[in-house]
**Q** 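Quick one: structure below, then a few questions.
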Amino acid sequence: MKFIVCVKLTPDTEQLAEVRAEDVGSDDLGVTMVLNPWDEFAVEEALQLQERFEGETAVVTLGSADATEALKRAVAMGIEEAFLLSDPAFDGSDAWGTTHVLAQAIRKIGDYSLILTGRQSVDGNSGLIGPGLATSLGVPFVAQVAKIVDLTEETVTVKRSLDEGMQTVRVKLPAVLSVSKEINEPRYPNFMGIRKASKMQYPVIKAKDLPGLNKAQIGEGAALVKWTSLRKPPARTGKCEFIAGATVADQAAALADKLIAEKVI
Ligand SMILES: Cc1cc2nc3c(=O)[nH]c(=O)nc-3n(C[C@H](O)[C@H](O)[C@H](O)COP(=O)(O)OP(=O)(O)OC[C@H]3O[C@@H](n4cnc5c(N)ncnc54)[C@H](O)[C@@H]3O)c2cc1C
């Protein structure tokens with residue numbers, strides 16, 4: 001069995017406040033880029049599936065050469081094979097174009113049983129890649145997977161966490177699953193893993209390497225969805241006031257008076 005994880009390099013959310021307004025939407029946001037936090041759960045799940053059911057693991061990302069950092073993190077965690085999809089022809093693709101490239105590359109990487117994605121990326125945030133990929137490959141898709149209950153040669157049985165409870169779903173393999181954060185606790189890479197990741201070669205798959213690629217579906221010119229504007233929200237304004245009072249009860253009473261006066265309650 002082969003478990004393939006799709007990962008994306010995204011900005012470190014701790015540093016998002018530092019992105020300068022003029023850099024929003026550019027390729028270089030001027031902040032540290034890391035493995036999309038949601039994708040750590042997908043990487044961890046692939047590793048746990050390998051431990052439970054045996055098989056091979058691979059990770060794939062579409063992006064610039066910098067995206068290798070996302071692959072490195074996945075390899076440091078324990079993933080065996082890693083592929084970077086990078087070509088100027090892919091630049092500016094929308095989600096449909098991105099999933100088309102990923103689907104062609106996954107076909108090339110080989111016989112796969114399960115493709116795992118994160119729930120969403122912390123920058124694009126569309127959650128479109130999982131369902132788009134399944135559509136491109138013509139395989140089933142299950143979102144918000146909170147537990148993989150069982151895996152056979154033919155099917156995977158999963159639990160999905162819903163607002164009103166849990167749903168158990170069984171789908172035929174191969175399939176694409178997007179995982180939620182309830183599914184596991186991602187491991188930290190150990191020293192050996194980090195060393196392996198830093199020494200490993202990361203093959204680059206280009207447009208010419210993908211015979212099934214429909215060039216009319218990829219790149220900026222083919223994008224059906226255009227991001228016409230992207231900007232930072234205005235900085236929040238507000239004032240902080242400490243409520244004085246001799247006792248906690250006095251402070252609570254003063255706070256209640258204030259909230260009533262401001263018509264908050
Ligand atoms: C400079 C720039 C301009 C762009 N312009 C446009 C535009 O005009 N129109 C438009 O529609 N989009 C545009 N995009 C967005 C691009 O199409 C998306 O980044 C891509 O489709 C992924 O969508 P998402 O980030 O919403 O991921 P989601 O769908 O939220 O991600 C879900 C999961 O899919 C996987 N995944 C996501 N991205 C990748 C990837 N690259 N490689 C492998 N796996 C991945 C991860 O597991 C992730 O957790 C632009 C991006 C950049 C950087």
Side-chain angles (χ1 to χ4, degrees), residues 4-11 13 16 19 23-31 33-39 42-43 58-74 81-110 112 115-139 141 143 174-179 202-231:
I4 300 182
V5 190
C6 297
V7 298
K8 187 179 185 190
L9 189 74
T10 56
T13 46
L16 277 185
V19 176
D23 290 337
V24 173
S26 80
D27 285 345
D28 183 4
L29 297 177
V31 295
M33 301 292 283
V34 297
L35 173 63
N36 178 37
W38 293 102
D39 299 351
V43 170
V59 64
V60 59
T61 191
L62 187 153
S64 64
D66 295 346
T68 311
E69 287 308 312
L71 300 178
K72 277 190 184 165
R73 174 79 183 194
E81 275 187 299
F83 302 91
L84 172 66
L85 313 180
S86 197
D87 193 303
F90 306 154
D91 292 352
S93 295
D94 63 5
W96 185 227
T98 303
T99 52
H100 178 58
V101 178
L102 284 170
Q104 297 308 316
I106 285 169
R107 284 200 174 108
K108 184 185 167 79
I109 292 166
Y112 55 91
I115 300 169
L116 301 168
T117 75
R119 177 188 147 150
Q120 64 199 76
S121 71
V122 295
D123 53 359
N125 257 310
S126 72
L128 285 171
I129 296 302
L133 189 51
T135 306
S136 278
L137 292 168
V139 302
F141 171 70
V176 180
L177 309 179
S178 80
V179 304
Y202 295 87
V204 181
I205 298 180
K206 296 191 159 290
K208 68 173 171 43
D209 303 318
L210 302 173
L213 198 68
N214 176 4
K215 293 225 174 102
Q217 199 178 319
I218 59 167
E220 199 176 340
L224 300 174
V225 178
K226 302 267 184 213
W227 289 359
T228 53
S229 164
L230 196 63
R231 57 191 165 78

**Q** CD1/Ile109 to CD1/Ile4 distance, rounded to the nearest 0.5 angstrom?
**A** 5.0 Å
**Q** State which residue, out of Leu62, Val59, Val60, Val204, fulfils the side chain to side chain contact (heavy atoms under 4.5 Å, CB included) condition with Leu84.
**A** Val204
**Q** For a quick test of reading the model, state the closest non-hydrogen atom pair linking Ala89 to Ala207 and the distance between them.
**A** CB-CB, 4.3 Å
**Q** Mind checking the CG-CD spacing from Leu71 to Glu81? Nearest 0.5 Å is all I need.
**A** 12.0 Å
**Q** OG1 of Thr99 to CD of Gln104: how many Å apart, nearest 0.5 Å?
**A** 10.0 Å
**Q** Work out which heavy atom in Gly219 is nearest to a heavy atom in Ser93; give both atom names and the distance.
**A** N-OG, 2.9 Å
**Q** Can you tell me how far the CZ atom of Phe90 sits from the CD1 atom of Ile205, to the nearest 0.5 Å?
**A** 8.5 Å
**Q** Kindly write out the residues that satisfy salt bridge (charged side-chain N to carboxylate O under 4.0 Å, His left out) with Glu220, not counting sequence neighbours, or none if the list is empty.
**A** none
**Q** Restricting to side chain to side chain contact (heavy atoms under 4.5 Å, CB included), what partner residues turn up for Ala134, sequence neighbours left out?
**A** Val139, Phe141, Val176
**Q** For Ala65 versus Ser86, what's the shortest heavy-atom pair and its separation?
**A** N-OG, 4.1 Å
**Q** Hey, does Val34 have a side-chain heavy atom less than 4.5 Å from the side chain of Arg73?
**A** no
**Q** Write down the atom of Asp39, the atom of Leu35, and the distance for their closest heavy-atom approach.
**A** CB-CD1, 3.9 Å
**Q** Over all heavy atoms of both residues, which pair between Ala67 and Gly63 is shortest? Give the atoms and the distance, please.
**A** CB-CA, 4.1 Å
**Q** Could you tell me the separation between the CG atom of Leu133 and the OG atom of Ser178, rounded to the nearest 0.5 Å?
**A** 11.0 Å
**Q** Is it true that, when you exclude Lys206 itself, more than 12 heavy atoms of the residues, nucleotides or ligands shown sit nearer than 6.0 Å to its NZ?
**A** yes
**Q** Give me the atom names and distance for the closest heavy-atom approach of Gly97 to Ile218.
**A** O-CG2, 3.8 Å
**Q** Distance-only check: which donor-acceptor pairs under 3.5 Å involve side-chain atoms of residues 115-130, not counting sequence neighbours?
**A**
| from | atom 1 | to | atom 2 | distance (Å) |
| --- | --- | --- | --- | --- |
| Gln120 | NE2 | Asn125 | OD1 | 2.4 |
| Ser121 | OG | Asp123 | OD1 | 3.1 |
| Ser121 | OG | Gly124 | N | 3.0 |
| Ser121 | OG | Asn125 | N | 3.0 |
| Asp123 | OD1 | Lys8 | NZ | 3.0 |
| Ser126 | OG | Leu128 | N | 3.1 |

**Q** How far apart are the C-alpha atoms of Asn36 and Val7, what are their side-chain angles, what is the distance that settles it, and do they pass the side-chain contact (heavy atoms from CB on, under 4.5 Å) test?
**A** CA-CA 7 Å; Asn36 178 37; Val7 298; over 6 Å; no
**Q** Would Met33 and Asp66 count as a side-chain contact (heavy atoms from CB on, under 4.5 Å) if you check the C-alpha gap in whole Å, the side-chain angles of each, and the deciding distance to 0.1 Å?
**A** CA-CA 9 Å; Met33 301 292 283; Asp66 295 346; over 6 Å; no
**Q** Walk me through whether Leu9 and Thr61 qualify under side-chain contact (heavy atoms from CB on, under 4.5 Å).
**A** CA-CA 8 Å; Leu9 189 74; Thr61 191; 5.7 Å; no
**Q** Measure the OG-CG distance between Ser64 and Leu85 for me, rounded to the nearest 0.5 Å.
**A** 12.0 Å
